[in-house]
Amino acid sequence: MCRLLAETADLLEISGGDSFRIRSYRNAAEAVESTTLELSAIAEDAKKLQEIPGIGKAMAANLLAIERTGTLPMREELLTKYKATMLELLRLPGMGPKSVNSLWQALGIADIDALEAAIDAGKLETLPRFGKKQAEKLKKGIAEYRRNSSRFHIDEAELAAEKIAAYLTSFPGINSVTPAGSLRRGRETVGDIDLLATGPGCEENCVSSAVEYAVAYPPIVDILAKGQNKVSFRLRNGLQVDVRLLPRASYGAALQYFTGSKTHNVALRQRALKQGYTLSEYALARLDDGSVVAGATEVEIYAALGLDWIAPELRENYGELEAAAEHRLPELIEPTDIRGDVHMHTDASDGRNTIRAMADAALARGYEYIAITDHSKNLAMINGLDDRRALEHIVRIKQVDSEMEGRLRVLSGIEVDILNNGELDLSNDVLAQMDVVIGSVHSLFNQTEEQMTERMLRAMENPYLRILGHPTGRLLLRREPYKLNLPKILRRAAELGVTMEHNAYPDRLDLCDRDLRLAKEMGVRIVVNTDAHQISHLEKMRFGVLQLRRAWLTKEDVLNTRDASSLLAALRTNA
DNA sequence: GCCGTTTTCGGCCCGACTGTTTTCAGTCG
């Protein structure tokens with residue numbers, strides 16, 4: 001529903017429709033995404049639907065149409081004039097609705113391949129407002145887009161995996177379904193989903209009915225392969241899924257094998273050979289007589305090879321096998337170690353919920369503290385706080401802090417914008433009154449790596465900036481290709497005692513595990529936040545923690561595993 | 001399109017930057 005409404009908004013915008021009507025569709029898409037109501041259950045009830053803010057009479061009818069027909073009239077009408085592939089063009093940096101429309105009207109360009117062909121043929125520069133620079137920029141954007149678009153963010157993949165798992169386990173012969181592959185290893189993005197299922201209906205002699213059940217999963221658009229105990233299909237959103245139905249005796253071996261990574265498995269099998277075993281997806285067996293040594297669980301396989309069980313997040317052949325052999329694997333950080341989240345937004349800027357609502361949600365998650373860090377004034381578009389409003393906001397935050405009566409500390413903070421010259425966009429007097437000051441870069445347009453890096457390095461000199469946050473591209477819509485000299489920044493952060501933020505938001509390119517390993521090496525302190533813009537975003541914390549685990553980080557390496565006063569004391573050491 | 005209301009229609013977050021112009025439209029956050 002959400003996607004259809006957002007697409008309709010994009011199409012409307014391309015068609016040059018009324019901007020306020022467009023916003024209504026966008027608002028409705030967001031409302032649908034964030035509501036806790038079961039929409040398909042109340043789709044017939046226009047009154048109930050209209051109780052959702054942003055849904056009026058017409059939109060309620062649209063939702064009903066979507067529920068009944070899978071589409072809505074406005075979208076269908078627009079699709080007779082435009083093509084669905086044009087929405088993809090909007091994802092390119094520098095391409096907006098007007099440009100997409102003019103490409104379509106003048107050259108009949110409706111997708112990325114056609115655009116690339118037109119650029120190569122030099123046709124683009126014949127159009128008004130398209131010049132050489134624009135063409136070059138688009139060309140780069142296309143390459144970048146192709147690199148990223150074939151993989152899915154982990155949250156999206158996990159959601160899809162959960163749904164498929166729920167479907168599969170409703171079959172009487174399947175009692176457990178586990179994701180393997182890069183999803184299990186906690187990679188930020190996954191290329192496809194590997195699911196391993198087992199249960200009495202997955203044993204060799206009776207697996208065929210389970211296979212039939214699997215391929216009947218409704219959201220399948222294309223069955224790519226259907227074998228004896230494996231099916232492979234594509235979902236509506238383009239995600240490829242491999243499901244393997246496995247007998248219980250070899251489940252551990254299969255889980256180990258399909259979890260990977262490839263390099264980890266190669267190293268593990270080499271180790272097995274040296275010890276007189278052979279490891280396959282079916283079992284760990286003796287080389288001499290072929291007798292099975294282990295296979296039902298991963299633990300017994302690793303143990304038979306003289307290894308401690310290795311967490312999937314570590315299986316990248318970065319030295320985990322040696323560490324497991326010597327019993328010195330790190331005690332990785334757990335989601336339950338996180339005691340607070342110090343980056344969240346409220347309805348004072350671009351968040352959706354009130355301070356109190358965020359506080360209640362954090363308390364429900366078992367946190368001891370949070371920091372409210374709305375945007376500062378440089379982000380005018382989303383009503384960022386200037387000095388005066390920031391001070392008023394502190395008062396409100398303190399009010400909620402006292403309302404929580406010690407059950408949850410609510411710290412006052414701000415996410416300031418780092419300007420071109422490295423200055424922050426609020427006065428030091430105001431920043432001095434904040435518990436938490438996160439410095440982020442938001443305007444990245446046409447910045448070189450050197451300029452971006454220099455900007456962040458300069459900001460780090462400001463004693464009021466306690467946490468260096470992430471640079472962000474276009475908010476939530478697009479991932480701006482940006483570059484930073486991270487080693488340089490991390491080195492300086494270590495020198496100055498500036499904490500680096502690791503953001504749990506999976507659709508942002510953030511500190512990847514390589515950067516995090518580097519940070520650990522250099523002794524840079526990390527704080528993991530969600531950058532929650534609404535209550536539901538708090539759930540994303542586990543994805544951030546997964547990345548920390550992939551980088552071998554322990555509880556000791558992360559600042560917000562401590563209580564509030566230790567955290568604040570640590571943050572103030574550089575103030 | 002939605003909302004709030006002075007129940008019938010007007011208001012609905014904006015400032016900076018870019019590349020193309022030869023005065024500004026389009027994109028970005």
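- Identified under the salt bridge (Lys or Arg N to Asp or Glu O under 4.0 Å) test for residues 72-85 of chain A, with sequence neighbours left out: A:Glu7-A:Arg75.
- Backbone-only engagement by A:Lys132 is indicated by non-hydrogen atom pairs under 4.0 Å involving sugar-phosphate atoms exclusively.
- For the pair A:Asn27 CG and B:dC13 P, the computed distance is 9 Å after rounding to whole Å.
- Every residue two or more places apart in sequence or in another chain was checked for a side chain to side chain contact (heavy atoms under 4.5 Å, CB included) with A:Ala364, and none qualifies.
- Judged as a salt bridge (charged side-chain N to carboxylate O under 4.0 Å, His left out), and not counting sequence neighbours, the contacts of A:Glu392 are A:Arg388.
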Let me see the working for A:Lys132 and A:Glu136 under salt bridge (Lys or Arg N to Asp or Glu O under 4.0 Å), right down to the final yes or no.
-> CA-CA 6 Å; A:Lys132 250 203 167 64; A:Glu136 269 168 35; over 6 Å; no

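- Taking a 6.0 Å sphere around NZ of A:Lys139, one finds it holds more than 12 heavy atoms contributed by other residues, nucleotides or ligands.
- For the contact set between residues 53-74 of chain A and DNA chain B, defined by any heavy atom under 4.0 Å, the members are A:Pro53, A:Gly54, A:Ile55, A:Gly56, A:Lys57, A:Ala58, A:Met59, A:Met74.
- The residue A:Tyr25 sits close only to the backbone: its heavy atoms come under 4.0 Å of sugar-phosphate atoms, none of a base.
- A distance of about 24 Å separates the P atoms of B:dG1 and B:dT7, rounded to the whole Å.
- Atom-to-atom, CD of A:Gln451 to C1' of B:dC17 comes out at 13 Å; the value is rounded to the nearest Å.
- In this structure, A:His393 has no ring pair (Phe, Tyr, Trp, His ring centres under 6.0 Å) partners at least two apart in sequence or on a different chain.
- Between A:Leu124 atom CG and B:dG19 atom P the separation is 15 Å, expressed in whole Å.
- Counting to the nearest Å, the C1' atom of B:dC13 and the CD1 atom of A:Ile22 are 16 Å from each other.
- Nucleotide B:dG26 is matched to B:dC17 when pairs are restricted to Watson-Crick or G-U wobble geometry with both distances under 3.5 angstrom.
- For B:dC13, one of the phosphate oxygens OP1 or OP2 lies less than 4.0 angstrom from a side-chain nitrogen or oxygen of A:Arg23.
- One P atom belongs to B:dT23, the other to B:dC28, and the distance between them is 25 Å to the nearest Å.
- Rounded to the nearest Å, the gap between the P atom of B:dA25 and that of B:dT21 is 14 Å.
- Among residues two or more places apart in sequence or in another chain, the salt bridge (charged side-chain N to carboxylate O under 4.0 Å, His left out) test is passed with A:Arg129 by none.
- In this entry the base of B:dT7 is syn relative to its sugar, with a glycosidic angle within 90° of 0.
- For B:dG11 and B:dT6, the P atoms lie 15 Å apart once the distance is rounded to whole Å.
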N/O contacts under 3.5 Å, protein versus nucleotides 14-16 of chain B?
none

Intermediate values then yes/no, salt bridge (Lys or Arg N to Asp or Glu O under 4.0 Å), A:Asp347 and A:Arg352 = CA-CA 5 Å; A:Asp347 52 9; A:Arg352 205 186 307 273; over 6 Å; no

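- Residue A:Leu92 contributes atom CG, which lies 18 Å from atom P of B:dG26 at whole-angstrom precision.
- At B:dT27, one or more side-chain N or O atoms of A:Ser99 fall inside 4.0 Å of OP1 or OP2 (strictly under the cut-off).
- Among residue pairs with one or both ends in residues 432-442 of chain A, those qualifying as salt bridge (Lys or Arg N to Asp or Glu O under 4.0 Å) are A:Asp435-A:Arg572; sequence neighbours excluded.
- Applying the side-chain hydrogen bond (donor to acceptor under 3.5 Å, both in side chains) rule to A:Asp425 yields the partners A:Ser376; only residues at least two apart in sequence or on another chain are considered.
- Applying the side chain to side chain contact (heavy atoms under 4.5 Å, CB included) criterion to A:Leu64, with sequence neighbours excluded, gives A:Ala43, A:Glu44, A:Arg68.
- For the P atoms, the distance from B:dC13 to B:dG4 is 13 Å, rounded to whole Å.
- Checked against side-chain hydrogen bond (donor to acceptor under 3.5 Å, both in side chains), A:Asn101 has the following partners two or more places apart in sequence or in another chain: A:Gln105.
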Anything under 3.5 Å between a protein N or O and an N or O of nucleotides 23-25 of chain B, put it in a table, one pair a line.
{"from": "B:dA25", "atom 1": "O4'", "to": "A:Arg129", "atom 2": "NH2", "distance (Å)": "3.4"}

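- The distance from atom CD of A:Glu51 to atom P of B:dC2 is 15 Å, rounded to the nearest whole Å.
- A:Ser19 comes within 4.0 angstrom of no nucleic acid atom, judged by non-hydrogen atoms across all strands.
- Residue A:Pro128 is out of contact with every strand shown, counting any heavy-atom pair closer than 4.0 Å.
- Atom CG of A:Leu5 and atom P of B:dC2 are 11 Å apart (whole Å).
- Across the C1' atoms, B:dG10 and B:dT5 are found 10 Å apart, a figure rounded to whole Å.
- For the C1' atom pair drawn from B:dC12 and B:dG19, the interatomic distance equals 30 Å after rounding to whole Å.
- Looking only at atom types and distance, the side chain of A:Asp531 has a donor-acceptor partner in the side chain of A:His345 under 3.5 Å away.
- As a whole-Å value, the separation of A:Glu30 CD from B:dC2 P is 16 Å.
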